[in-house]
Q: 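This is the structure, below, for whatever I ask next.
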Amino acid sequence: MTTDIESGRGKRPRRSFGLARYSGLYIWALLIALFAVWLPDTFPTTQTLRSVADDQAVTCLVALALVVPIAAGIFDLSVAAQLGFSLVIAVYLQSQGIHPVISVLVALASGLLVGVLNAIVVVKLSVDSFIATLGMSSILAAGVYTVTDGQPIVNGISEGFTQAGRGTLLGVPLTVVYLAVVAAVLWYVMEYTPLGRHFYATGGNPQAARLTGLRVDRITAYAFILSGLLASIAGVVLAAKLGSGSHLAGPPYLLPAFSAAFLGATQIKPGRVNVLGTLVAVYLLATGVKGLQLAGAPPEINDLFNGVALIAAVALAARSARRARS
Amino acid sequence: MSDSQHPGAEAAVPTAASAGVASSVVPALDVVGLSKTFDGTQVLTDIRFDVLPGEVHALVGENGSGKSTTVKILAGVYDPDDGGAVTVAGTALDLSDPSASDAAGLRFVHQDLGLVAALDARDNLALGQGYDTGWPWRIRWRSEGAAAREALDRLGYDIDVTQPVSTLSISERTAIAIARALSPRRETPAVVVLDEPTANLPESEVRRLAASIRRLSAAGIGVLFISHHFEEVFDLADRVTVLRDGKVVTTRPVAELDHGSLVELMTGRTLDVDHVAQPQSELRDVVLATSGLNGAVVRDLDLTVAGGEVVGVAGITGSGREEVARLVAGDLSPESGEVVVAGRRIAAGRPDLCKAAGMSYVPAERKTNGIVTGHSVAENVVIADLRPLRRRGALRARLQRRDADAWIERLDVRPRDGGLPIESLSGGNQQKVVLARALRLSPTVLVLDEPTQGVDVGAQAQIRSHIRAAVAEGLGVLVCSSSSEELAEMCDRVVVMVGGRRVRDMVAPMEVDEITAATLQSVAEGTA
C-alpha cells in the first residue's frame with residue numbers, strides 16, 4: 001500500500017523541478033553569450049556591466065521589499081509610494097539645512113512608521129491588505145506632493161550624500177554594494193531564521209499557522225514593517241543617486257518590482273517568492289533589455305520585454321508544476 | 001434486479017440473485033480487466049466489477065488500495081493501460097476521451113462536491129446544466145427556482161434555493177451536488193458515482209442522505225458508492241467490491257458479510273478494532289480544565305482532563321460538540337468562562353498561549369486548518385517549534401531533515417520522504433503529519449477534533465495507537481468526535497453534549513450504540 005500511487009503523483013514529485021529551478025540562470029547566461037557574440041564591441045564591457053548593475057539596484061531593493069509581505073501572503077502596494085516618500089523626506093530635510101545623516105535616519109524612520117500604520121490597518125482594523133496599502137499609496141502620494149509642493153528639490157543637497165549614491169567601492173557602484181548587503185541580510189532572515197519560516201508558513205495557510213501556535217497577527221505586522229523599512233532604504237539610495245527629489249520618482253517602481261518578485265518566485269525555490277530568485281529575475285530582465293537597447297531597439301522595448309518575460313515565465317512555471325502533478 | 005426490491009426506508013436485501021442474474025440483465029456499469037501503471041509501478045491490476053440498474057454497489061478499500069484511481073479512470077482523468085474495457089448500459093466507453101463518460105451517462109459526485117460556496121442552489125444547479133434564459137439573455141429566475149426546488153424535492157430535501165450554499169449544512173450541499181449530477185435537463189444517467197459523499201457528515205445527516213440515495217436506486221439508477229464508513233456500506237449497499245493493493249479481493253452481496261469479515265477482507269488481517277484493551281494508566285494531575293465556558297452554542301461547560309486520561313466529547317451536529325475543541329484550543333474566543341492549561345489561565349482566542357502552556361491541538365478539517373500548503377512534509381512536521389533546528393543561531397536543513405524523518409518513521413507516514421509537498425500525500429497520511437506536529441511539541445495535553453475524519457481503517461488504528469502510547473506516558477487527551485465508534489474505542493470517559501449543554505457522562509467500557517443512543521435520545525428529551 002503506497003499512498004503516492006493513490007494520488008497518482010508517483011515518481012514525479014513537484015519539488016524535483018530540475019532544470020526549471022535554475023532556468024533563469026541558464027537563460028541569463030545564454031542572453032549574455034548571445035549579446036556578446038552579436039555586439040562584441042558594446043555589450044561585453046565593464047561599462048555595460050556597471051550600468052546594468054547600478055541602474056537596477058533600486059528596482060531590486062523595492063522588489064526585495066515585496067518579497068517579505070508576499071511570502072507572508074499579503075500585498076504591500078505602498079512600497080513604491082513609500083520609496084517616493086522617504087526619498088523626498090531625505091532630500092527636503094537637507095534642503096532645510098538638516099544634517100544628511102539625520103535626514104537619512106528620519107527618512108528610514110518614516111518607512112518604519114508607514115509599515116506600522118499598514119500593520120495596524122490590516123491587523124487591527126481587519127482591512128484587506130490589497131485595499132489598505134492601495135489607500136496608503138494614495139495618502140503617501142498626497143504627503144509627497146505636500147513636501148515637494150510639486151516642484152523638484154535640487155538645492156541644498158549635501159555633497160557627501162550624493163557621493164554616497166554615485167561613488168564606487170573597488171570599482172563596484174556603491175548602490176550595488178548597498179543592495180548586496182541588504183539582500184544578504186534579508187536572505188539570511190528568510191532562509192535561516194524562524195521569523196523567515198514563519199512568514200512562509202503564514203503565507204502557506206494562515207489559519208493552520210495560527211492554530212499551531214504561531215502569532216500570525218504579529219508576523220503579518222513584522223512583514224509590513226520590514227517591507228516599509230526596505231522600501232525606505234530604496235528611497236534613500238535613490239535620493240543619493242539622483243541628488244534631487246521629485247514627487248514623480250516613486251510610482252514607476254511599483255510594477256517592475258512586482259514583476260520581479262513574481263518572476264523570482266519561479267526561480268531557485270519554485271513556488272515561493274524568494275530573495276535570490278528575485279535578484280536573478282531583475283538582472284535577467286535588465287540584461288535582456290540592455291542588450292536589445294544596445295542593438296538599437298527603441299526605448300519602449302523595456303516595458304515590452306519585461307511584460308512578455310513575466311507572463312511567459314510564470315506561464316511556463318505553472319505548466320511544469322501542472323505536469324509534475326499529473 | 002428490479003426497483004421493487006428497493007421499497008421505502010429499508011435497504012433492499014440483496015440476494016444471491018444479484019450475482020446470478022448479472023448475465024441476463026444489462027449492467028448499468030461493467031468494468032472488465034482494468035489495469036493502470038504509473039511510471040512502471042502497477043497500481044491497478046485487472047479490476048473487474050459491475051453495477052446493475054437500481055443497485056447500490058459499494059467500493060471499499062484502505063487508502064492506497066486503488067479506489068480513487070479507479071474512479072479517476074472512470075471519470076476520464078487517467079487513461080488505463082491497454083486491455084481494459086468499460087461499458088455503460090451496454091455501450092462501450094472510449095476511455096481515452098475525457099468527455100466520453102459523461103456523455104455515456106456516468107455522473108460523478110466528488111467528495112469536495114465542486115459547488116461555488118457564495119452562490120445559491122439555483123446557480124449551482126445551473127452551472128452544471130445551463131441557465132433557462134429569455135430575451136435578451138435574461139435568466140428566468142422563477143423557473144430556475146422552481147426547477148431547483150423540484151430537483152431537491154425529488155431527493156427528499158426542502159432547501160431555500162436562494163441562500164448561498166455556504167450557509168447550508170453539508171448534507172444539503174451534498175444533495176445539491178447530487179441533484180446537479182442528475183441534471184433534469186439532460187438524459188437520466190445510468191450510473192451515479194458517489195466518491196465518499198459522507199466522509200464529513202454527522203450521523204443524523206448521513207441518514208437524510210442515505211434516504212436520497214435510495215431514491216436514486218429506486219428510480220433504476222445504478223449507484224457506485226465509495227466509502228470509509230462501514231455503517232453506511234451495511235445500511236445502503238446491495239453488493240460490495242473490496243479492493244486491496246490495486247486488486248479486487250472479492251465482490252459479494254453485503255448480506256454475506258459482517259463488520260469483522262469486511263475489515264479482514266480490506267486489510268488482509270484481523271484487526272481487533274473494538275476490543276483493544278484500554279491500558280490502565282495512572283491518573284495524574286488535572287492538565288486541562290474549563291469552567292463556565294460559553295460559546296455560540298456551548299453553555300456553561302465545565303470539563304477536566306487529567307494526565308493519562310482520554311476524555312471524549314460526543315454529540316450530534318449542532319449540539320455544541322463541534323465548538324468545544326475550538327473554544328478550548330483558543331481558535332474561538334468564548335463569550336465567557338475560562339480555560340486553564342496545566343494550571344495556567346489562558347487569555348481568550350490565543351492558540352499561541354495554549355501552546356506555551358503545553359497544549360497541542362489537532363484541528364478538524366485538515367485542509368483548511370491543518371496542513372500548511374505549498375510546504376514540504378518535513379516543514380509541516382517542524383513548523384510549530386523551530387528552536388531545536390538551530391545551530392549558532394541559524395536554522396539547519398540537516399537538523400530539520402533528521403528531526404522530521406524521525407517523526408515520519410515513528411508515525412509511519414507514507415511515502416517516507418519528508419521532501420515531498422504535503423499536498424501529494426493521501427488524507428490519512430496528511431493527518432499523521434498534523435498529529436506528528438502536535439506530538440513533537442511533547443505536550444501535556446492534546447486536543448483532538450475529529451482526529452480520524454476521512455482516514456482509512458488501517459491509518460485510524462495507527463493514529464489511535466500512537467495516541468494511546470503517549471497517554472500511557474501521562475499525556476491528557478480531549479477528543480471531540482462525531483464517530484461513536486472512535487469515542488468508544490479511545491476514551492476513558494465520554495461527555496455527551498446536547499443543545500450546547502453537557503447532559504450526560506459515560507465511563508468506559510462503553511458500547512458504540514450506547515454513545516450514539518445517548519447523543520440522540522437526549523435530543524428527544526431536550527426537545528420534549
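Since we're looking at a predicted model, the values are computed, not measured. Computation of the quantities below employed the complete heavy-atom set of this structure, encompassing side-chain atoms and omitting hydrogens, waters and symmetry-equivalent molecules. Letters A, B, ... mirror the listed sequences (proteins, then strands); counts begin at 1.
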Q: Hey, does B:Glu365 have a side-chain heavy atom less than 4.5 Å from the side chain of A:Gln207?
A: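 No - every pair of side-chain heavy atoms lies 4.5 Å or more apart.
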Q: If you count heavy-atom pairs under 4.5 Å between each of A:Thr193, A:Thr212, A:Thr202 and chain B, which one has the most?
A: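 Heavy-atom pairs under 4.5 Å are most numerous for A:Thr212.
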Q: Once you round to the nearest 0.5 Å, how far does CG of A:Leu214 lie from CG of B:Asp352?
A: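 So the CG of A:Leu214 and the CG of B:Asp352 are separated by 9.0 Å.
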Q: As an exercise: rank B:Thr368, B:Val434, B:Leu389 by heavy-atom pairs under 4.5 Å with chain A and give me the winner.
A: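 Highest number of pairs under 4.5 Å: B:Thr368.
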Q: Give me the atom names and distance for the closest heavy-atom approach of A:Ala208 to B:Gly370.
A: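 Result for this residue pair: CB-O, 3.3 Å.
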Q: Below 4.5 Å from any heavy atom of chain A, which atoms of B:Val382 appear? Answer side chain, backbone, both or neither.
A: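 For B:Val382, the contact with chain A is made by the side chain alone.
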Q: Hey, is A:Arg272 close enough to B:Glu379 for a salt bridge, meaning N to O under 4.0 Å?
A: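 Yes, charged N to carboxylate O under 4.0 Å.
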Q: For B:Arg396, is it the side chain, the backbone, both, or neither that has a heavy atom closer than 4.5 Å to a heavy atom of chain A?
A: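 For B:Arg396, neither part sits under 4.5 Å from chain A.
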Q: Check each atom of B:Ala384 against the heavy atoms of chain A and say whether the ones under 4.5 Å are side chain, backbone, both or neither.
A: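 Both parts, backbone and side chain.
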Q: Which atoms of B:Leu395 come close to chain A, meaning under 4.5 Å heavy atom to heavy atom: side chain ones, backbone ones, both, or neither?
A: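 Answer is both: backbone and side chain atoms of B:Leu395 are under 4.5 Å from chain A.
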Q: Look at atom OH of A:Tyr188 and say whether more than 12 heavy atoms of other residues, nucleotides or ligands are closer to it than 6.0 Å.
A: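 More than 12 within 6.0 Å, yes.
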Q: Is the count of non-hydrogen atoms from other residues, nucleotides or ligands lying under 6.0 Å from A:Tyr222 atom OH greater than 12?
A: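 At most 12 heavy atoms, drawn from other residues, nucleotides or ligands, come within 6.0 Å of this atom.
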Q: Does any N or O in the side chain of A:Asn205 come within less than 3.5 Å of the main-chain N or O of B:Thr373, such that one atom is a donor and the other an acceptor?
A: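 Not confirmed, A:Asn205 side chain does not pair with B:Thr373 backbone.
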Q: With only heavy atoms counted, which part of A:Tyr200 is less than 4.5 Å from chain B, the side chain, the backbone, both or neither?
A: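 For A:Tyr200, backbone and side chain are both near chain B.
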Q: What I'd like to find out is whether the side chain of A:Leu211 reaches to under 4.5 Å of the side chain of B:Arg326, using heavy atoms alone.
A: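 The answer is no, as the side chains (C-beta and beyond) never meet within the 4.5 Å cut-off.
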Q: Name the region of B:Ser376, side chain, backbone, both or neither, that has any atom closer than 4.5 Å to a heavy atom of chain A.
A: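 Only the backbone of B:Ser376 comes within 4.5 Å of chain A.
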Q: Just wondering, do B:Ile383 and A:His198 contact through their side chains at under 4.5 Å, heavy atoms?
A: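 Side chain of A:His198 against side chain of B:Ile383, heavy atoms only: contact under 4.5 Å found.
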Q: Treating B:Arg387 as the side-chain partner and A:Pro194 as the backbone partner, does any N or O pair qualify as donor plus acceptor under 3.5 Å?
A: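 Not a single qualifying donor-acceptor pair exists.
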